[in-house]
Amino acid sequence: MPARSDDTLLGGSVRLHQPAHGYRAAIDPVLLAAAAPVRPGQSVADLGCGLGAAALCLLWRVADCRVTGVELQADLVALAKKNASVNGLENRFSAIRGDVAVLDRATLGDVDHVISNPPYLPPVRAAPDKKGDVAIVETVPLAIWLGAALDAVREKGCVTVIHRADRLNEILAALHGRAGDIAVLPLWPKAGAPARRVIVSARRSVRNPLRLLPGLVLHRADGSYTDAAEAVLRRGKALSLDAPLNDGDE
């Protein structure tokens with residue numbers, strides 16, 4: 001059996017078993033979960049759920065919501081289920097093995113939200129030692145991945161993703177014509193540094209305009225987390241993308 005490590009997220013509030021080597025959950029899934037505008041009782045699909053890190057952080061923060069994780073790798077599906085059980089969240093989390101490219105919406109049911117932390121390296125950009133790691137190297141093009149997310153969510157439901165800032169143009173192109181009320185939240189590694197990640201939220205089949213949000217600075221000059229980042233990453237504070245619009249909006 002591959003070596004595992006026992007780690008925690010949200011300042012120890014969420015326990016996480018993960019492989020000791022290879023892809024390991026860092027802060028991206030925590031930030032994604034913090035930004036998803038999910039309300040108690042709503043249903044969520046996590047596409048490419050991996051170990052379940054984002055789903056478990058979201059379930060910890062939002063009472064009574066339910067998450068279905070979709071993951072291609074069978075070993076990660078099993079590990080995500082184990083992580084849910086370790087955290088006492090198995091009644092609100094399920095994980096299924098599935099390929100995002102051929103995802104059947106009927107499998108997920110009527111989903112209010114989709115969250116996703118897609119693989120961020122196109123195959124041509126991946127380093128030689130990363131080319132086989134489907135957790136970080138695309139096997140499904142980003143546009144198809146985002147199209148699947150929009151197909152999975154209900155009308156006027158919300159899709160929230162975290163990805164590389166230099167691929168924002170691809171994200172917006174994939175959403176064009178199919179979603180609106182798009183909010184873009186830049187994540188700056190330090191004050192004055194270019195954003196490396198963005199969180200993008202959009203609602204299916206609405207026409208409200210795009211909003212560029214103030215963003216979040218993650219680190220001080222000495223490398224420690226800023227107070228704002230600490231509140232999100234350690235204490236589970238939500239990252240506001242403004243209040244979600246109601247179903248009567250265009």
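The figures that follow rest on heavy atoms only: side chains count, while hydrogens, waters and symmetry mates do not.
Counting non-hydrogen atoms of neighbouring residues, nucleotides and ligands closer than 6.0 angstrom, the CZ atom of R105 exceeds 12 such neighbours.
The backbone N or O of A80 lies less than 3.5 Å from no partner atom in the side chain of H17, so there is not a single donor-acceptor pair. R97 contributes a side-chain N or O that, together with a main-chain N or O of L72, makes up a donor-acceptor pair within less than 3.5 Å. Between the E71 side chain and the Q73 main chain, a donor and an acceptor come within less than 3.5 Å of each other. The main-chain N or O of G41 is found under 3.5 Å from a side-chain atom of R66 such that the two form a donor-acceptor pair. Here the side chain of R61 pairs a donor or acceptor atom with the backbone of A33 at under 3.5 angstrom. Side-chain atoms of R197 never come within 3.5 Å of backbone atoms of P189 as a donor-acceptor pair (strictly under, hydrogens ignored).
The side-chain heavy atoms of T160 and P37, taken from C-beta on, include a pair separated by under 4.5 Å. The shortest side-chain heavy-atom distance between K237 and R235 does not fall under the 4.5 Å cut-off. Considering only heavy atoms from C-beta on, T226 stays 4.5 Å or farther from L218 through its side chain. Side-chain atoms of I162 and L187, non-hydrogen and from C-beta on, do get closer than 4.5 Å to each other. Taking 4.5 Å as the limit, some side-chain heavy atom of L239 sits within range of a side-chain heavy atom of L216. In this structure, the side chains of C65 and P40 stay at 4.5 Å or more apart for every pair of heavy atoms. With contacts defined as side-chain heavy-atom distances shorter than 4.5 Å, the pair I115/V161 does not qualify.
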Side-chain atoms of residues 135-145: list all donor-acceptor pairs with protein atoms under 3.5 Å, sequence neighbours left out, distances to 0.1 Å.
| residue | atom | partner | partner atom | Å |
| --- | --- | --- | --- | --- |
| E138 | OE2 | R167 | NH1 | 2.6 |
| E138 | OE2 | R167 | NH2 | 2.9 |
| W145 | NE1 | S116 | OG | 2.8 |

Using atom types as modelled, flag every donor-acceptor pair under 3.5 Å from a side chain in residues 43-58 to any protein atom, sequence neighbours excluded.
| residue | atom | partner | partner atom | Å |
| --- | --- | --- | --- | --- |
| S43 | OG | D110 | O | 3.0 |
| S43 | OG | D112 | N | 3.2 |
| S43 | OG | D112 | OD2 | 3.2 |

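By the salt bridge (charged side-chain N to carboxylate O under 4.0 Å, His left out) test, R220 is found to be paired with D227, residues two or more places apart in sequence or in another chain being considered. When the salt bridge (charged side-chain N to carboxylate O under 4.0 Å, His left out) test is applied to R178, the partners found at least two apart in sequence or on another chain are D151. Residues satisfying the side-chain hydrogen bond (donor to acceptor under 3.5 Å, both in side chains) test with R92, not counting sequence neighbours, are none.
Using a cut-off of 4.0 Å between Lys/Arg side-chain N and Asp/Glu carboxylate O, E155 and R204 are scored as salt-bridged.
With rounding to the nearest 0.5 angstrom, the CG atom of L16 is 4.5 Å from the CG atom of N83.
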>> Apply salt bridge (Lys or Arg N to Asp or Glu O under 4.0 Å) to residues R207 and D181 and explain how you reach the verdict.
In response: CA-CA 7 Å; R207 294 176 291 175; D181 191 32; over 6 Å; no
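The same ILVMFWY cluster, assembled from side-chain heavy atoms under 4.5 Å apart, contains both L10 and V232.
Note on residues 184-234: pairs passing ring pair (Phe, Tyr, Trp, His ring centres under 6.0 Å), not counting sequence neighbours, are H219-Y225.
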